[in-house]
Amino acid sequence: MKKKHLAMKAASRGKYAADAGVSGKKQPALEKRLYGKIAADKEADGKAAVHTAAPKAYAPKISVIMSVYNMADDPLLYQSVNSILRQTYDNWELIICDDGSTDHTLYILCRFATDQRIRVLRNSTNRGAGAARNACIRASSGKYIAVMDADDVSDPRRLKKQAEFLEAHPEYAFVGSSVWLKDRHGIWGRRRLEEVPERKSFLSTLPLVHPSVMIRADAVKALRGYTQAGVARRAEDYEFFMRLYALGYKGYNMQEELVSYLEELDSYKKRNYRSRIAECVVRLRGFKQLGILKGNLRYVFKPLAVGLVPKKLLWRQHRRKFSIK
């Protein structure tokens, strides 16, 4: 195991820089040399190609799913994967979908997969995080599905604590947690979530942090996964959990911080006004499903008002609100 950690650390420090210069024609040959059998990358049936496979006899209780796009040279990817490898609970599988990266992310992911609990999938084009997570869900076999982002870090006790909670509380379909907020320099704040979100909790914002969530696989299957509609591309998590609550499921947020969640100015810069208009559509549909639209139309258009505020000012307000005092 120590050798595997050293290999991953080497990846994050740029020792695969030479591989970055490999042409697109030669890259598959490198992957083939590593694993011998690389599936043909065909998506006629909408499924991601499988690049590594777990042993047939392996039956994990938790399936951790992760979507990745163009992070070959980003040390955050190493930190995220390594945080799963360091979990105190070891009955898990990590399924990572490379969502059509144009750099050598797939090559790095295949290196991570020297641990047989890690499986790598690939979409031939960038189809969005919802489609990538759905590919991971289809390939999963765990009783519980833990969501993980490629730039966040899980506390070593996260999987154990959340699995134990769901075992003890069958009334909840999912469990999230409070989170530490970080940028590339370290922890700068914390966000405490409402302990038991209700339908009206969705009016202001998503009342949970998506990559802190562990959810029952049967609940995910009942919803048929994440929407892949273009209008929800940057709000697929919001749409997913409103749909979940509309079907009568409910969740719980542990008050302990079990995830370090990346929030920085760049996170705000990625949100354009078109995506805010799309979020209004998602809110309108979701609020109707939840039966909370009446008298709350102002919340539907909240993203438009927020989008008029300069991004740097929004970021400063956010930092003040959640900074550790």
Side-chain angles (χ1 to χ4, degrees), residues 8 11 16-54 63-74 76-78 80-81 84 93-141 145 147-151 210-211 220-221 223-237 239-240 270 272 274-275 278:
M8 291 179 199
Y16 297 140
D19 298 327
V22 177
S23 70
K25 294 181 180 179
K26 293 181 180 179
Q27 191 68 37
L30 285 169
E31 294 158 1
K32 206 164 188 177
R33 205 160 62 232
L34 279 170
Y35 291 97
K37 294 183 180 179
I38 298 296
D41 194 4
K42 296 179 180 178
E43 291 191 65
D45 60 354
K47 296 180 180 179
V50 179
H51 279 256
T52 63
S63 296
V64 184
I65 64 171
M66 180 188 294
S67 169
V68 183
Y69 179 69
N70 281 356
M71 291 187 68
D73 299 316
D74 195 330
L76 293 180
L77 176 59
Y78 159 72
S80 182
V81 172
I84 299 302
E93 64 178 347
L94 172 58
I95 306 173
I96 310 174
C97 184
D98 173 21
D99 192 25
S101 294
T102 56
D103 61 6
H104 59 293
T105 293
L106 179 62
Y107 179 60
I108 299 302
L109 294 179
C110 286
R111 292 267 185 156
F112 290 153
T114 52
D115 187 309
Q116 291 190 327
R117 295 171 297 178
I118 299 177
R119 303 172 62 190
V120 178
L121 313 177
R122 182 174 186 266
N123 288 331
S124 60
T125 58
N126 181 236
R127 300 173 61 198
R133 291 191 184 106
N134 283 342
C136 294
I137 290 166
R138 286 193 296 268
S140 68
S141 57
I145 294 174
V147 182
M148 186 72 188
D149 280 353
D151 50 15
H210 188 208
V220 177
K221 291 173 184 174
L223 266 69
R224 298 184 180 180
Y226 294 84
T227 181
Q228 294 178 207
V231 73
R233 183 153 180 160
R234 291 198 63 85
E236 72 277 349
D237 50 355
E239 191 277 342
F240 177 88
K270 291 176 183 177
N272 56 37
R274 179 177 293 181
S275 70

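Any value given below was found using the heavy atoms of this structure, including those in side chains, with hydrogens, waters and symmetry copies removed.
- When all heavy atoms of Met71 and Asp103 are compared, the pair lying nearest together is N-OD2, 3.5 Å.
- Put simply, the side chain of Ser67 never gets that close to the backbone of Arg133: no donor and acceptor are under 3.5 Å apart.
- Considering all non-hydrogen atoms of both residues, Phe112 and Tyr78 come closest at CZ-CA, 4.1 Å.
- Closest non-hydrogen pair, Ala132 versus Cys97, comes out as O-CB, 3.7 Å.
- Rounded to the nearest 0.5 angstrom, Ile96 CD1 and Arg122 CZ are separated by 14.5 Å.
- Here the CD1 atom belonging to Ile65 is positioned 6.0 Å from the CD1 atom belonging to Ile145, to the nearest 0.5 angstrom.
- Minimum heavy-atom separation, Ile95 to Cys136: O-SG, 3.4 Å.
- Between the side chain of Asn70 and the backbone N or O of Thr102, at least one donor-acceptor pair lies under 3.5 Å.
- Contact annotation: the side chain of Leu94 never approaches that of Arg117 to less than 4.5 Å [non-hydrogen atoms, C-beta and beyond].
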Extract all donor-acceptor atom pairs below 3.5 Å that involve side chains of residues 227-235 and protein atoms in other chains or at least two apart in sequence.
unit_1, atom_1, unit_2, atom_2, d
Thr227, OG1, Ala229, N, 3.2
Gln228, OE1, Asn134, ND2, 2.9
Arg233, NH2, Asn126, O, 3.4
Arg233, NH2, Asn126, OD1, 2.9

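- Asp149 and Ser80 share no donor-acceptor pair across their side chains, judged by distance under 3.5 Å alone.
- When all heavy atoms of Glu236 and Tyr226 are compared, the pair lying nearest together is O-CD2, 3.9 Å.
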Begin with the C-alpha distance, continue with both residues' side-chain angles, and end with the deciding distance and a verdict on side chain to side chain contact (heavy atoms under 4.5 Å, CB included) for Ile118 and Ile84. CA-CA 10 Å; Ile118 299 177; Ile84 299 302; over 6 Å; no
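- The two residues Asp73 and His104 have their closest heavy-atom pair at OD1-CE1, 3.5 Å.
- The CG atom of Asp115 lies 11.5 Å from the CD atom of Glu93; values are rounded to the nearest 0.5 Å.
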